[in-house]
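Just below is one structure, and these are the notes that go with it.
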Amino acid sequence: MNQLIVHCPAKVNLTLGIQGKRLDGYHELETIMQSISLEDTLYLSSEGTGISLVADYPGLPVGEDNLIYRAAVLLRDYAGANKGVRITLKKQIPLAAGLAGGSTDAAGTLRALNRLWGLGLTAPELEELGSQLGSDVPFCLRGGTALARGRGEKLTFLEGPGDWWLTLVKIPVSISTAAVYHSFRLEAVTQQPDQEAMLDAIRKDRLKEAGLNLVNVLETVTIPWYPEIGAVRAEMVERGAIGALMSGSGPTVFGLVADRAEAIRLAAAFRDRYREVYVVRTLSNIGDNLSMISL
Ligand code: C5P
């Protein structure tokens, strides 16, 4: 029997700007997304004709609402394949954290099952299916560094920066992305990100310039809700981070730091108060990170 192992990296948003609300209810975005070395792992084996999912994570629903399950059903129906799979998820990315944990698992499922079931779908076909599952799924299918527009699905992939190190602190609250967008008011925004400046910082691998240009307009919603997000962000900078920001719709805050030793030092300053603290680096390209093993 063959088993496929797929690594599913999380992302942070180095910038997140919003132009306005669209007629379909979604918001028009401009955001620079960056894969990071915090990842979930999926183990998939072809089995029977049913789809089953097992996770090692307390509190994670593994039923038909789970994005992994939905990705598998969507792909199977689209391809008209009479196939089954048993999927085991080893979860490390915190839930509802603003790190695209659910989206990256869905993207990994689509890529892995396309291979395991021998479907031969093209990358644009997988992207189209992915966008039906969530706005971040098309980015997660390829990963690395990208400027995303539209709902988040119009992607321009970029050459990533060198290894940038980050310290992540997940504030212990769960935030619904839909609720954050629902409460977003363009009038409350005083600063939109300068995407060109951030793109330039990435291109030239300039950490300081990147640190100065970290802007996420969704903080205008979440920081008034949870001032702790703003406090952790400020503390990271006081403790020497080059810049700090909330990722996505939160509540995770990341600090951009000079190197791995700094990231470890900054993480240590938060570990006594927070359970979910991570030291990560940027991933320039997740490539075809599927490995097939014979059991
Ligand atoms: O696409 P996804 O399911 O990840 O989005 C979750 C929710 O976030 C959507 O239901 C929508 O309310 C909001 N959203 C938005 N504009 C976007 C992306 C997400 O309003 N560009």
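Ligands are counted one by one from 1 in listed order, and the atoms in each one are counted from 1 as well.
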Please determine whether side chain to side chain donor-acceptor pair (under 3.5 Å) holds for the pair Thr31 and Asn13, giving the CA-CA distance in whole Å, both sets of side-chain angles, and the decisive distance to 0.1 Å.
CA-CA 7 Å; Thr31 176; Asn13 301 78; 2.8 Å; yes
Determine, step by step, whether Arg151 and Ser135 satisfy the side chain to side chain donor-acceptor pair (under 3.5 Å) criterion, reporting the C-alpha distance in whole Å, the side-chain angles of both residues, the deciding distance to 0.1 Å, and the verdict.
CA-CA 6 Å; Arg151 249 177 75 196; Ser135 306; 3.2 Å; yes
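With no hydrogens or angles considered, a side-chain donor-acceptor pair links Tyr274 and Glu228 at under 3.5 Å.
A salt bridge does not link Glu238 with Arg233: none of the charged nitrogens is closer than 4.0 Å to a carboxylate oxygen.
Screening Arg149, Gln19, Arg22 for a side chain to side chain donor-acceptor pair (under 3.5 Å) with Glu28, the sole residue that qualifies is Arg22.
Below 30°, between 30° and 60°, or above 60°: for Phe139 and Phe157 the angle between ring planes is below 30°, a parallel geometry.
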Give one line per pair: atom of ligand 1, protein atom, distance. Only N/O to N/O under 3.5 Å.
unit_1   : atom_1 : unit_2 : atom_2 : d
ligand 1 : 1 (O)  : Ser135 : N      : 2.9
ligand 1 : 1 (O)  : Ser135 : OG     : 2.5
ligand 1 : 16 (N) : His27  : N      : 2.8
ligand 1 : 20 (O) : His27  : N      : 3.4
ligand 1 : 20 (O) : His27  : ND1    : 2.8
ligand 1 : 21 (N) : His27  : O      : 2.9
ligand 1 : 21 (N) : Arg151 : O      : 3.0

